[in-house]
Amino acid sequence: MITIPSRLSLVSAAISVTLLATACSNQKENLAEEQTSNSPNVTQAEAFINDAEAQLAEISIEQNRAEWIYSNFITEDTAALSAQVAEKQIATSVKIATEAAEYANLPLDATNQRKLNILRSSLVLPAPLDPAKNAELANISSQLNGLYGKGKYCFDDGRCLTQPELSAIMGESSDPDLLLEAWQGWREIAKPMRPLFEREIELANEGARDLGFKNLSELWRSQYDMQPDEFSAELDRLWGQVQPLYESLHCYVRGRLNEKYGDEVVAKQGPIPAHLLGNMWAQQWANVYDSVAPENADPGYDVTELLAQHGYDEIQMVKQAEQFFSSLGFEPLPDTFWQRSLFVQPKDRDVVCHASAWDLDNLDDIRIKMCIQKTAEDFTVIHHELGHNYYQRAYKSQPFIFKNSANDGFHEAIGDTVALSITPSYLKQIGLLDEVPDASKDIGLLLKQALDKVAFMPFGLMIDQWRWKVFSGEIKPQDYNKAWWELRQKYQGVMAPIDRSENDFDPGAKYHVPGNVPYTRYFLAHILQFQFHKALCDIAGNQGPVHRCSIYGNKAAGEKLNTMLEMGQSQPWPQALSVVTGTENMDASAVLDYFAPLQSWLDKQNQSANRQCGW
């Protein structure tokens, strides 16, 4: 997942500074004592909100600059400076969130009520009031992150590999025994996490109750402008729309893998063993494309080769992505973007190369940071990252608390929406491609996308389905692993390749679980990007298949998109959604429209091969 650094970071994904915990607890105790003697009123609440917003705006700039310097000049000194600012930011955020809970029931105007709700509900891992428990939570979070970050698996030949190195094996190898060893080996690192995670949830649930929520599940689900249970039902509805397409893809891929590996490795029916789908977590399947691709699927061009043929360097790749947005009517990027961004990996220092989009001053100092490779993949990623930057600049006039996307799925969705317009017709319009391949090549292109995007959707949904049930107590600690695999099978039709027990803690092998990073945003982004794309194509007057549409050059689509982006988080997300789509309801039917030719093809392939679909 490509992400943007958190700007309204009301909490770090994991509170890892133990010394900070006691200070935060003392702040909470003092505040609790004050509130017992003074009943809050509307005037006090409004003053609190204004002061909190000013504090958070000021510290965000300090933190953004410290994080940028650290990411671009990795030394012990820059790490210490970044950590120091993070401590300050977390302390401020915890204090503000705790105080915000005291004003929750006051009759505020709509704008202030929205700001207060954001301040109150944006903590990911709320700390309890008790100082000892607060310190314990901070220590546990640090331990969990350390176990994941330092995790390695050692083969019998002495090679000890990290997660990225093991993931490379998962993506490249076709040896089922080697795949199984890498899959199982990485999950060994998660076993020690289990008791720590159980205690962490106990403590965070107590912190959530201190903020006025029943548990951490209710807090996490309260960030979507609807009642928590209504939001859960909405996710189920969206998944119900996509499920038939996913089941057709699952059936086809399982059949092709069965042909490749045989019945003993992949059965003709039932779930697919999780280690055979080209990814450590079986979350995206693009790495098995060569094993399942239809004959004659090659579109006849390679974007990486086209970039080389036309002399594109790293800067020209970014300039072309900027031109995409300019063609929609957006203002050019500021000079400071070109002066201050990182485009090429330096030879003289260590940097974080993971692609990211930055907003340094909450106004115009927008940048990207990536070590660009002159490849098709990075050409797409650049368009995606600039989508974040143009979103950041669009909402710069909003109050600080509203300088964010309408919900946490929107930011990722905008970048992906733009990337969906990198079609063969777009490549021809910008002079990279001479002729657009005929429709006979569409199936291969759509299958490759579906293995990435459609295959991800149930995984993107089930991570938090499991977590929310854990947070609420519906899943008991003694059933953590059992429930994990039940949900994997229910949503994905994927199973563990070997027996797993409650001695294992397979959820911990996915970073977002020990790192306490919410995951539903990625499922929402995968739904929204297709809904946005179809709506913008309709605005642009597209008459052909939506998967062939590019909005490049259409200022009407650009104007509508920018209107939504300028809203930031100032209005409930259904209102932002309606600006572009004309409806306040998320709708996955656009996914089905986009992949309609592929689903028809998949169903014919499954029928002709007499495959029994489902699991």
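We find that D359 and R367 are not joined by a salt bridge, their nearest charged nitrogen and carboxylate oxygen being 4.0 Å or further apart. A salt bridge is absent between R521 and E412; no separation between the charged side-chain nitrogens and carboxylate oxygens falls under 4.0 Å. Using a 4.0 Å cut-off between charged side-chain N and carboxylate O, E62 and K88 make a salt bridge. Ion pairing between R467 and D464 holds under the 4.0 Å rule for side-chain N and carboxylate O. Salt bridge present: E234 and R237 bring a charged side-chain N and a carboxylate O closer than 4.0 Å. A salt bridge links R65 with D365: the closest approach of a Lys/Arg side-chain nitrogen to an acidic carboxylate oxygen falls below 4.0 angstrom. Look at E198 and R194 and you find no salt bridge, because none of the NZ, NE, NH1 or NH2 atoms lies under 4.0 Å from a carboxylate O.
A donor-acceptor pair shorter than 3.5 Å cannot be found between the side chains of Q113 and D109. Looking only at atom types and distance, the side chain of W358 has a donor-acceptor partner in the side chain of S356 under 3.5 Å away. For the residue pair E566/N562, the side-chain donor-acceptor check at 3.5 Å is satisfied.
Between K95 atom NZ and S93 atom OG the span is 11.5 Å, to the nearest 0.5 Å. Note that the NZ atom of K560 and the OG1 atom of T563 stand 7.0 Å from one another [nearest 0.5 Å]. With rounding to the nearest 0.5 Å, the separation of CG in N117 from CG in L108 is 9.0 Å. Summarising the geometry, atom CD1 belonging to I527 is positioned 9.0 Å from atom CG belonging to D587; distances are rounded to the nearest 0.5 Å. For the atom pair Q569 CD and S122 OG, the distance stands at 7.0 Å (nearest 0.5 Å). The structure places CZ of F456 at 10.0 Å from CG of L461, a figure rounded to the nearest 0.5 Å.
Inter-residue side-chain proximity for D416 and H384 is flagged as met; some heavy-atom pair is nearer than 4.5 Å. Q143 has its side chain out of reach of P514: every pair of non-hydrogen atoms, C-beta onward, lies at least 4.5 Å apart. Between I414 and L565 there is a side-chain heavy-atom pair separated by less than 4.5 Å. Proximity of N389 to F325: side-chain heavy atoms (C-beta onward) are nowhere separated by under 4.5 Å. Side-chain contact between M586 and L528 is present, with at least one heavy-atom pair separated by less than 4.5 Å. Contact check for T92 versus E58: no side-chain heavy atoms found under the 4.5 Å cut-off. Two residues are said to be in side-chain contact when any heavy atoms from C-beta on lie closer than 4.5 Å; Y480 and F197 meet this criterion.
A distance-only check finds a donor-acceptor pair linking the side chain of N64 to the backbone of S60 [under 3.5 Å].
If you look at Y246 and W239, their ring centroids are closer than 6.0 Å. A centroid separation of 6.0 Å or more is found between the aromatic rings of Y224 and W573. Taking the six-membered ring where the residue is Trp, the centroids of F523 and Y519 are separated by 6.0 Å or more.
Within the cation-pi definition used here (under 6.0 Å to the ring centroid, within 45° of the axis), R221 does not qualify as a partner of F213. A cation-pi arrangement, defined by a distance under 6.0 Å to the six-membered ring centre and an angle within 45 degrees of its axis, is present between K115 and F402.
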(request) Show your working on side-chain contact (heavy atoms from CB on, under 4.5 Å) between Q492 and L487 and close with a plain yes or no. (result) CA-CA 8 Å; Q492 285 187 282; L487 289 171; over 6 Å; no
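Enclosure of atom CD in E331 is not indicated, since only 12 or fewer non-hydrogen atoms of other residues, nucleotides or ligands lie within 6.0 angstrom. Heavy atoms of other residues, nucleotides or ligands lying less than 6.0 angstrom from CD of Q575 number more than 12. When the shell of 6.0 Å around CD of E76 is examined, it contains 12 or fewer heavy atoms from other residues, nucleotides or ligands.
Taking both residues in full, the closest heavy atoms of W281 and F459 are given as O-CE1, 3.7 Å, listed atom of the first, atom of the second, then distance. Residues P572 and D225 share a closest heavy-atom pair of CA-OD2, 3.3 Å.
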